[in-house]
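So that the names make sense, note that chain A is the first sequence line, chain B the second, and so on, each numbered from 1.
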Amino acid sequence: MARNTTGTKIGLAAATIAAATTAYWFYLVDEVALPADRSLFVVLFLLAAVLGVLALVKRTSWLGAVPPLLAIVIGLFFPVTMSVSEQIVARDTVIEVGDTVPRFTSVDGSGDTFDSRVLNGHLVLIKFFRAHW
Amino acid sequence: MSVDLPEVIADRRHLHGLTATMLSDQQLAVTDLFGLRNQGFHSAPGTEEAAALPVPATLLVDRDGTVLWMDLSENYQRRSDPSVVLAAMKTHFDP
């Protein structure tokens with residue numbers, strides 16, 4: 001029983017670290033303030049996953065196994081997605097240096113139509129990014 | 001240019017303090033014209049409506065519409081480093 005209690009406590013600690021790190025991550029996403037160096041997040045998530053494994057090794061009650069399992073899943077998700085998030089563009093269609101920028105229309109933040117013709121005669125920096133997060 | 005909806009752009013642009021034109025390309029129509037749709041895996045938040053994402057890219061374009069320089073990110077979670085872009089602008093825009 002004592003062993004089960006120890007495992008359950010470690011499991012709760014692991015889940016707390018995973019949850020707090022996730023909450024902080026989404027807070028920073030919302031504030032558009034994610035740091036370029038995310039190694040602290042990787043360390044914290046991996047710590048949560050390792051503690052989750054440790055909790056299961058130490059044995060938990062059946063219900064007590066839920067927090068460490070959550071910690072392992074959450075803790076591994078972020079490092080894994082970071083490691084597999086390679087960019088793949090279609091080589092035959094991607095724009096290259098020396099190409100002429102295609103004419104396009106789009107919509108701005110006010111809902112107004114934007115026509116790329118207004119860029120003619122100007123030096124322009126065009127930035128593609130995924131979204132505010 | 002991003003997959004953000006216009007209302008999200010209007011809501012969030014103050015967080016960047018940006019004055020540049022910000023455009024919504026949720027269907028990736030413009031992204032596809034430039035061939036910049038990311039064909040790889042991405043982990044968009046569950047609330048995100050976009051089916052795919054562009055590869056983070058920065059292009060410098062001259063007055064005739066010709067691409068002078070461009071930078072593609074190796075990882076969609078990273079964007080072009082500002083110092084790299086500024087150096088490229090100095091080279092290509094201030095010859």
Side-chain angles (χ1 to χ4, degrees), chain A residues 25-26 28-38 41 77-78 80-133, chain B residues 1-4 6-10 12-13 15-16 20-25 29-45 48 50 53-70 72-81 85 89 92-93:
Chain A
W25 171 267
F26 282 107
L28 290 180
V29 165
D30 208 46
E31 293 294 311
V32 197
L34 279 177
D37 180 4
R38 282 96 189 256
F41 286 96
F77 178 79
F78 181 81
V80 167
T81 56
M82 270 194 85
S83 65
V84 299
S85 52
E86 267 183 299
Q87 301 298 313
I88 306 170
V89 290
R91 285 195 181 279
D92 50 336
T93 53
V94 67
I95 193 161
E96 291 173 357
V97 169
D99 287 353
T100 301
V101 169
R103 185 177 165 196
F104 61 89
T105 56
S106 189
V107 184
D108 68 15
S110 310
D112 296 326
T113 301
F114 175 88
D115 189 327
S116 67
R117 270 193 310 184
V118 302
L119 304 177
N120 292 349
H122 297 278
L123 296 171
V124 184
L125 185 155
I126 304 176
K127 200 164 172 61
F128 286 84
F129 60 102
R130 51 183 186 172
H132 67 275
W133 45 272
Chain B
M1 187 73 67
S2 75
V3 299
D4 275 335
E7 50 266 37
V8 176
I9 291 174
R12 300 300 172 100
R13 67 177 299 146
L15 293 169
H16 300 269
T21 303
M22 293 182 76
L23 302 173
S24 169
D25 189 33
V30 180
T31 299
D32 283 338
L33 277 177
F34 284 72
L36 291 171
R37 180 186 290 245
N38 183 13
Q39 318 276 326
F41 171 84
H42 73 82
S43 58
E48 200 56 46
L53 296 172
V55 170
T58 306
L59 294 85
L60 298 184
V61 182
D62 73 6
R63 292 183 173 85
D64 299 324
T66 304
V67 179
L68 296 173
W69 175 89
M70 66 182 286
L72 291 180
S73 295
E74 291 167 7
N75 179 310
Y76 75 86
Q77 298 189 349
R78 305 211 186 287
R79 299 167 191 180
S80 301
D81 190 281
V85 177
M89 288 176 77
H92 294 284
F93 284 176

Checklist entry - Hey, which of A/Leu119, A/Asp99, A/Asp112, A/Thr93 has the most heavy atom pairs under 4.5 Å with chain B? => result A/Asp99
Item to check | Heavy-atom contact with chain A under 4.5 Å, split by part of B/Thr21 | outcome: side chain
Next on the checklist: I'd like to check A/Val97 versus B/Leu68 (side-chain heavy atoms, cut-off strictly below 4.5 Å). Are they in contact?
Outcome noted: no
Checklist entry - To the nearest 0.5 Å, how far apart are CE in B/Met1 and NZ in A/Lys127? => result 13.0 Å
Next on the checklist: Counting only non-hydrogen atoms closer than 4.5 Å, does A/Ser116 touch chain B with its backbone (N, CA, C, O), its side chain (CB onward), both, or neither?
Outcome noted: neither
Checklist entry - Is any side-chain heavy atom of B/Phe34 less than 4.5 Å from a side-chain heavy atom of A/Ile126? => result yes
Checklist entry - Contact part of A/Thr100 toward chain B, heavy-atom cut-off under 4.5 Å: side chain, backbone, both or neither? => result both
Next on the checklist: Within the structure provided, determine whether B/Leu60 and A/Leu123 are in side-chain contact (heavy-atom separation under 4.5 Å).
Outcome noted: no
Checklist entry - What distance separates A/Phe129 CZ from B/Thr58 OG1, expressed to the nearest 0.5 Å? => result 10.5 Å
Next on the checklist: Counting heavy-atom pairs under 4.5 Å with chain A, which one of B/Met89, B/Arg63, B/Glu7 comes out on top?
Outcome noted: B/Arg63
Checklist entry - chain A: which of B/Leu59, B/Leu33, B/Ile9, B/Asp25 shares the most heavy-atom pairs with it under 4.5 Å? => result B/Leu59
Next on the checklist: Which one wins on heavy-atom pair count under 4.5 Å against chain A: B/Thr31, B/Val61, B/Asp64?
Outcome noted: B/Val61
Item to check | A/Val107 to B/Pro6 - nearest heavy-atom pair and separation | outcome: CG1-CG, 3.9 Å
Item to check | Atom of A/Glu96, atom of B/Met70 and distance for their closest heavy-atom approach | outcome: CA-SD, 3.9 Å
Checklist entry - When rounded to the nearest 0.5 angstrom, what distance separates CZ in A/Phe104 from CG in B/Asp32? => result 13.5 Å
Checklist entry - Roughly how far, to the nearest 0.5 Å, is CG of B/Leu72 from CZ of A/Phe128? => result 10.5 Å
Checklist entry - Is there a side-chain contact between A/Asp108 and B/Met22, using heavy atoms and a 4.5 Å cut-off? => result no
Item to check | Backbone of B/Ser24 reached by a side-chain donor or acceptor of A/Ser106 within 3.5 Å | outcome: yes
Next on the checklist: Any non-hydrogen side-chain atom of A/Leu125 less than 4.5 Å from a side-chain atom of B/Val85?
Outcome noted: yes
